[in-house]
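Treat the numbers as computed from the prediction; the structure is a model and nothing was measured. Per chain, numbering begins at 1; letters A, B, ... match sequence-line order.
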Amino acid sequence: MPVNTSRAARRLLRTIAGLVTVVALAACAPGGTNTAGGSATPKPGGDITFLIDSLGDTWIPNNSSISSFQGHIWGQVTDKLVYVDENGAVSPWIAQSWEQNADATQFTLHLKQGVTFSDGTPLDAAAVVANLDIWARGDASRGINPIGLFPKTYDHAEAVDASTVKVSFTAPTLGFIPTLGYHGSILISPKTLALPAGEQADLSNDIGSGPYVVASWKEGDSVVLKKRADYNWGPPALNHQGPAYLDSITYKIVAEPSVRTAAVQSHQADVAYNPSPQELSSFKEQGYTTATPRYLGFVNGFAVNTKAAPFDDVRVRQALQHGINRDEIISTVYTPDWLPAKSFIQSNVPGATDHSTDFAYDAAEANRLLDEAGWVKGPDGTRAKNGKPLELTLYPNPYLATSKSVDELIAQQLGKIGFKVTIQAFDVVTYSSRIKVGGVPAYEVTRSFIDAGTVAGVLTDANNGENWFGLGQSDPKLTQLGAAVAGASTVGERDKVLDQLQGYVLQQGYFVPITQIVQRIYLQSPDLHGVSYNGLAYANYYTAWLG
Amino acid sequence: MDSGYAAYAARRVLQAVVVILLAYVFTFLVISVLPGDPVTNTLRNPQNGFTEEQISRIVSYYGLDRPVGVQLWESLSRFVTGDLGVSLRSNLPVSRMIGEVLGSTLVLAASALAVALVLALAIGFGTRFLPKRAARLLRSFPSLFLSLPNFVIGLVLIQVFAFQLGLFRVIDAEGGLATFFAAVALGIPVSARIAEVLITNLDHEAGQEYAAVARSRGPGRARLFARHLLKPSSLPVVTVIAVVVGELLSGAVITEQIFGRTGIGSLVQRSVTTQDLPVLQAIVSLAAVVFVAVNLLADLVYPLLDPRVRLGGKRQKAAVPA
């Protein structure tokens with residue numbers, strides 16, 4: 001075999017060695033730093049790229065509108081009847097004003113005039129009626145879903161004149177107006193709504209009246225939005241009228257989180273969605289903007305099934321509440337941007353009150369409650385009663401990326417007071433088919449809503465309720481409080497009952513709160529300014545500019 | 001073309017049709033035994049707040065509440081007429097979804113195969129003509145490449161060439177250089193398989209008498225390698241290439257995800273996680289078509305490389321030396 005070293009071979013080796021060195025040095029070089037100064041005055045122009053982990057599934061507006069991902073696009077392409085800010089405050093948008101009758105069963109909406117969809121169709125009373133009907137009922141014959149959280153008490157809507165709509169309900173529905181700001185309640189051109197499902201699934205056919213229009217899209221890849229030049233009906237609450245500042249927004253799927261954040265750091269993109277919470281402080285130190293807006297809804301926590309022993313004993317449920325150290329969860333899994341729960345609803349929901357003392361971390365109290373309930377600690381630290389160990393299986397919620405880490409920490413914390421906790425993690429597909437609220441001892445809740453009236457629908461099985469705690473209507477006080485929340489006709493009246501309801505649910509240990517949820521995390525270039533977040537934690541780029 | 005060849009070709013096409021139909025049915029059965037379906041899974045997302053009655057009405061619209069046998073028959077009847085159906089996830093026609101991404105994957109796979117071949121040839125050449133120590137080092141490359149997961153290679157390439165050196169933008173994943181680096185990530189593990197077989201065969205051929213005679217005539221290294229060593233070593237390599245097509249397709253799932261490319265791989269990934277049966281059936285059938293076509297092509301190439309191989313009946317296939 002010829003083994004002579006040729007000049008060519010030596011040259012090849014030198015080239016390879018040189019390349020390896022360059023690569024190694026480059027890999028060791030520090031990441032890009034951002035030194036942009038930025039101006040405080042909004043200026044039109046510029047394009048941004050938003051990197052996102054997914055763009056959901058179908059684009060049929062009704063079927064996709066609850067998607068955590070697609071809501072970003074709908075928020076720029078469509079308008080809503082009302083605007084709900086991050087504190088749950090409802091303000092006019094396409095509906096300039098509204099009134100309701102005394103028992104909150106009939107509402108009259110007065111629409112802004114001169115608003116058009118991007119296909120030229122006027123956004124008038126007839127268009128709003130068409131949207132309300134499809135939100136409430138869907139169209140099963142065409143495969144169009146209703147919007148799940150739209151009030152089930154909807155009866156009908158009628159166009160009184162071109163800019164007035166009267167909406168009727170079969171029962172008091174105080175949550176109707178806030179629900180119009182929910183991310184499902186997007187106004188779509190009646191021409192689109194009349195299309196078959198297959199054509200609505202093509203995003204190019206989905207026409208809204210928002211500040212941006214769809215310029216192009218590719219399934220599973222990207223959506224490019226262009227500014228609509230004649231847009232002039234943004235929510236007054238955002239303090240900006242006329243067209244958006246940015247010329248275009250490109251939403252591009254990059255599945256790998258580290259690639260998303262590195263692209264922002266190397267100035268290849270402007271926003272990275274859902275970076276890891278643990279990295280946020282490092283990004284802040286490097287000068288990047290991070291945002292962790294909280295949505296309106298339930299906190300992250302467990303709905304306890306009172307039918308499943310030993311959680312039929314209030315003392316065991318209370319021990320669960322007192323055995324969880326929420327501060328440790330925040331310092332270990334999250335950052336100080338996360339807040340401990342104060343109730344079972346997020347504290348930015350209007351009507352939420354502070355009941356944190358009812359479930360505060362207190363290991364001694366948890367031990368006392370379990371002792372009193374007859375659960376005796378064995379030599380391995382696990383409690384048992386009548387030969388049965390005190391066991392709990394947790395099923396991390398796959399819709400919350402940090403859920404498994406949080407559950408692992410909770411398993412350790414509960415282990416200290418004598419629980420034997422096992423964790424069974426499933427992917428979304430298996431989870432959604434196997435794990436159901438009421439079917440497991442502790443169901444991990446992550447759910448947004450826009451109006452606190454939603455709470456009434458989960459407590460018992462009254463009016464097709466979700467019966468989160470497995471009680472049916474066996475707890476008269478809970479049933480009565482739920483009915484009072486659902487039937488309240490004024491916000492003041494409802495807030496009073498809502499406060500009692502929160503206290504009762506927590507004192508009975510029906511719900512074990514963990515932390516307030518941040519489900520949407522943004523890492524943003526310091527060059528991007530003026531971004532605001534709505535009540536569902538979606539970014540509004542209508543008011544944003546580059547500088 | 002003689003009648004023997006025509007009969008051979010007809011037999012192979014028939015075999016291909018059976019393989020494709022079996023792949024279609026098999027995919028249906030495998031997905032059907034899994035719990036849930038994409039429609040129900042989406043509807044059961046707690047954010048939806050649908051009642052059971054609403055869920056069952058929608059599931060019924062998609063026909064997912066009918067017996068599995070009925071669903072299979074309908075799906076198969078559609079398939080044989082060329083209708084791939086509608087995606088349960090996106091509600092778009094499956095043919096449109098595949099058409100939009102197929103080109104990207106073909107470009108990636110072809111580029112990766114080219115990268116793999118160049119690497120394998122370079123390694124093969126190096127093992128024959130580099131100094132002993134360097135050649136020994138090169139011989140360890142295939143094992144090293146095989147043990148490197150392509151997502152690690154991909155992340156390192158992106159970190160260095162996109163973020164540090166700025167040679168390509170991750171948001172322009174279909175661009176020339178982005179495609180090249182994706183092809184490198186995908187091609188490196190594939191090159192290992194080809195290089196392993198090539199090295200073994202080169203060693204075998206180099207020990208043959210005709211190779212010693214050829215060497216004694218004093219041709220240049222490149223000529224000796226290409227004419228006297230590579231050509232007789234290439235028959236098993238063609239077999240391996242036909243096999244690594246599968247690896248290219250499966251590797252594309254990861255590579256496309258890492259590089260943000262939208263191809264068949266990323267479509268598979270999205271369809272598997274959502275149990276999108278019509279899309280998966282179409283893609284598995286497409287993969288079966290590719291496998292059959294590539295293997296057929298390999299069979300047709302054999303006689304060109306080695307005249308001892310004859311089509312139809314007594315075929316003398318060169319064995320891969322141990």
Please classify the contact of B/R169 with chain A as side chain, backbone, both or neither, using a heavy-atom distance under 4.5 Å.
both

Examine whether an atom of B/A122 lies under 4.5 Å from a heavy atom of chain A, and if so say whether it belongs to the side chain, the backbone or both; otherwise answer neither.
neither

Tell me, with the steps shown, if B/F259 and A/V259 meet side-chain contact (heavy atoms from CB on, under 4.5 Å).
CA-CA 9 Å; B/F259 281 84; A/V259 175; over 6 Å; no

Chain B: which of A/A262, A/S54, A/A263 shares the most heavy-atom pairs with it under 4.5 Å?
A/A262

So which residue, A/A255, A/G297, A/G220, ends up with the most heavy-atom pairs under 4.5 Å with chain B?
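So the answer, after comparing A/A255, A/G297, A/G220, is A/G220.
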
Interatomic distance, [X] atom [atom1] to [Y] atom [atom2] [nearest 0.5 angstrom]:
{"X": "A/K218", "Y": "B/T262", "atom1": "NZ", "atom2": "OG1", "result": "5.0 Å"}
{"X": "B/Q159", "Y": "A/S258", "atom1": "CD", "atom2": "OG", "result": "8.0 Å"}
{"X": "A/N63", "Y": "B/N91", "atom1": "CG", "atom2": "CG", "result": "6.5 Å"}

Write down the atom of [X], the atom of [Y], and the distance for their closest heavy-atom approach.
{"X": "B/S90", "Y": "A/A201", "answer": "O-CB, 3.3 Å"}
{"X": "B/F168", "Y": "A/Q268", "answer": "O-NE2, 3.3 Å"}
{"X": "A/G56", "Y": "B/R89", "answer": "O-NH1, 3.5 Å"}

Is it the side chain or the backbone of [X] that comes within 4.5 Å of chain B heavy atoms, both, or neither?
{"X": "A/S222", "value": "neither"}
{"X": "A/R142", "value": "backbone"}
{"X": "A/I144", "value": "neither"}

Is the backbone N or O of B/L92 less than 3.5 Å from a side-chain atom of A/E219, with the two atoms forming a donor-acceptor pair by type?
no

Which is it for B/R96 and A/D202 under the side-chain contact (heavy atoms from CB on, under 4.5 Å) test, yes or no, and what are the steps along the way?
CA-CA 11 Å; B/R96 170 183 164 169; A/D202 183 342; 3.1 Å; yes

